[in-house]
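Chain identifiers are assigned alphabetically (A, B, ...) following the order of the sequence lines, protein sequences preceding nucleic acid strands; residue numbering begins at 1 within each chain.
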Amino acid sequence: MTNPYPDVRFHRFQEQITMYDLRYLRDNLDALRDQLGPRGTDVPWDSLRGLIEQRRSLTSQVEQLRSELKKGSDEVARLKREKQPADAAMAAMKAVGERIKAIEDELRGVEEPLTDLNLRIPNLPHASVPDGKDASSNVEARRWGTPPALTAPAKSHWDLGEALGILDFDRASKIAGARFAVMTGAGARLERALINYMLDLHTTQHGYREVLPPLLVNRASMTATGQLPKFEEDLFRLRDEDYFLIPTAEVPVTNLHRDEIIAETALPVRYTAYTPCFRREAGSYGKDTRGLIRLHQFNKVELVAFVKPEQSHEELERLTGHAETILQGLGLHYRVVTLCAGDMGFSAAKTYDIEVWLPSQNQYREISSCSNFEGFQARRGGIRYKGAAGKKDAKTEFVHTLNGSGLAVGRTLVAILENYQQPDGSVTIPAVLRPYMGGLELIRKE
RNA sequence: GGAGGGGUGGCAGAGCGGCCGAAUGCGCCAGUCUUGAAAACUGGAGACCUCGCAAGGGGUCCGCGAGUUCAAAUCUCGCCCCCUCCGCCA
């Protein structure tokens with residue numbers, strides 16, 4: 001038997017990774033099912049209930065026997081020390097040992113499917129999240145700025161970029177395939193300028209510590225943040241080793257503190273990270289096939305926070321604001337949308353999407369997604385905090401984790417090309433980026 | 001990739017079949033002393049599962065897993081990670 005979640009502190013009964021705490025699950029199964037609503041429809045609730053009960057009964061049997069075995073073995077030790085015959089006691093304990101082994105095998109057979117099911121239950125939406133099963137029930141929270149006043153019909157970013165000689169999709173598909181892009185010249189530099197602008201702002205103005213993490217991670221990390229076990233088909237995986245390409249920096253950065261106990265005084269902990277992100281985009285055939293909107297590889301600057309539970313919803317507002325600051329600095333019109341329960345990701349308790357205005361599409365498109373995961377990832381990953389050591393009231397509790405794009409870099413470049421396009425096809429560079437572009441103010445055909 | 005060494009509590013580090021959830025030191029918390037602090041002294045403190053309204057009981061955890069044994073931190077096997085040397089390499 002192989003443990004499907006190797007270093008995800010699993011198995012050995014009591015060491016169960018507590019995605020949902022089993023006692024909580026047992027006591028609240030019906031309530032949880034009701035509150036999850038459409039999010040919980042593919043959870044087999046009845047088998048779950050059965051497995052929990054079986055586990056409970058088997059665990060208690062094992063513990064009783066183990067207690068007996070312990071006492072018996074001490075008795076054997078005592079007899080031997082006193083040079084008395086111990087054969088009978090040893091034989092009795094051998095039988096107890098065999099019974100334990102048998103029940104443990106049975107227990108393993110229960111725990112494996114139980115853990116797997118448990119890891120597939122999505123997070124509970126926060127009370128402030130609107131009901132609804134798809135994007136049509138999302139609620140606009142606010143808008144900032146206005147669409148640009150273009151004097152000519154808006155061109156798409158791919159037309160602009162190809163005409164300017166800064167985006168090359170044909171060669172990208174030759175060297176890699178569909179859903180890849182090559183950026184050259186001022187395009188490549190603009191992408192780099194955006195990354196630096198975002199990182200500089202978050203580190204110097206917003207109090208985040210910069211992290212440059214691995215782009216390949218193990219199965220345990222993907223399980224803690226919630227990509228696994230349910231969404232393996234969305235990930236790129238290496239053929240020869242059990243590594244996955246990260247779909248977002250959220251994964252390595254949140255896992256920085258997996259299986260750790262953070263000092264309460266160190267909280268909140270805030271990180272920002274630039275990484276390429278890799279996604280299979282399985283099931284998105286035919287959507288956004290042109291341009292930079294939906295690629296297998298794209299750049300993103302991510303914001304991640306670890307906070308005390310009572311501060312997480314305040315932190316979500318704050319973190320979302322940090323992402324908005326980037327768009328405001330770039331002068332790009334956007335709106336913020338509160339996702340309804342059915343449109344949120346698996347791990348999120350509450351999510352705001354920031355959507356930037358794209359003139360050529362005449363609509364808002366997601367450029368950032370900011371979520372509070374509450375204790376969901378912390379429980380899966382064993383990320384806890386504790387007050388000063390030795391203090392009487394110091395309890396160890398799960399932190400709350402949050403993250404948000406700050407921002408998706410490629411989509412930001414799209415927004416700049418489209419919103420700052422000139423009638424002749426050139427593109428003005430927003431003032432805040434010019435220092436990062438060697439003073440360049442306008443991108444013209446090279 | 002090859003050879004060797006190692007993974008023990010917040011850190012360092014002992015233990016190498018039963019009396020070990022684990023010495024000792026540092027760090028931490030509280031108290032005594034002090035105007036206050038330091039020092040000294042005294043005391044305290046791991047993480048988790050399970051049963052219970054509670055008081056409390058039982059159990060697990062010495063990298064992870066499997067095994068040997070009446071009994072495993074200690075013995076065997078597999079895996080992971082770290083260190084040193086060699087090889088390869090940005």
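Base-pair partner of B:G25: B:C11 (Watson-Crick or G-U wobble, both distances under 3.5 Å).
If you look at A:F236 and A:F244, their ring centroids are not closer than 6.0 Å. Ring centroid separation for the pair A:H322 and A:Y208 comes in under the 6.0 Å cut-off.
By the salt bridge (charged side-chain N to carboxylate O under 4.0 Å, His left out) test, A:E75 pairs with A:R78, sequence neighbours left out. Every residue was checked against the salt bridge (charged side-chain N to carboxylate O under 4.0 Å, His left out) condition with A:D200, not counting sequence neighbours, and none meets it. Taking the salt bridge (charged side-chain N to carboxylate O under 4.0 Å, His left out) definition, one finds that A:R270 meets it with A:E315, sequence neighbours left out. Partners of A:H157 according to the ring pair (Phe, Tyr, Trp, His ring centres under 6.0 Å) rule, which considers only residues two or more places apart in sequence or in another chain, do not exist here. Scored by the ring pair (Phe, Tyr, Trp, His ring centres under 6.0 Å) test, A:F306 finds A:H257 as partners (sequence neighbours excluded). Residues forming a side-chain hydrogen bond (donor to acceptor under 3.5 Å, both in side chains) with A:E374 (at least two apart in sequence, or on another chain): A:H313.
If you check every strand for non-hydrogen atoms under 4.0 Å, A:R78 touches nothing. When heavy atoms are screened at a 4.0 angstrom cut-off, A:S67 is found touching the sugar-phosphate backbone but no base atom. Across all strands, A:K101 comes closer than 4.0 Å only to sugar-phosphate atoms, never to a base (heavy-atom distances).
B:A55 and B:G63 have their C1' atoms separated by 38 Å, given to the nearest Å. Comparing B:G57 with B:A71, their C1' atoms are spaced 23 Å from each other, to the whole Å. Nucleotides B:G46 and B:U8 are separated by 13 Å at their C1' atoms, to the nearest Å.
What separates CZ of A:R384 from P of B:A47 is a distance of 8 Å, to the nearest Å.
Each of A:K70 and A:S60 was assigned the nucleotide of RNA chain B with the nearest heavy atom; the assignment lying further toward the 5' end belongs to A:S60.
For residues 343-352 of chain A, the pairs satisfying side chain to side chain donor-acceptor pair (under 3.5 Å) are A:S128-A:K350, A:N138-A:D343, A:E317-A:Y352, A:K350-A:Y352, A:T351-A:S371, with sequence neighbours left out.
The stretch residues 82-100 of chain A touches RNA chain B through A:M90, A:M93, A:K94, each having a heavy atom within less than 4.0 Å of the strand.
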Heteroatom pairs (N/O) under 3.5 angstrom, protein to nucleotides 15-19 of chain B:
residue: B:G18; atom: N2; partner: A:S73; partner atom: O; Å: 3.0

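Residue-to-nucleotide contacts include a donor-acceptor pair under 3.5 Å from the side chain of A:E63 to the base of B:G58.
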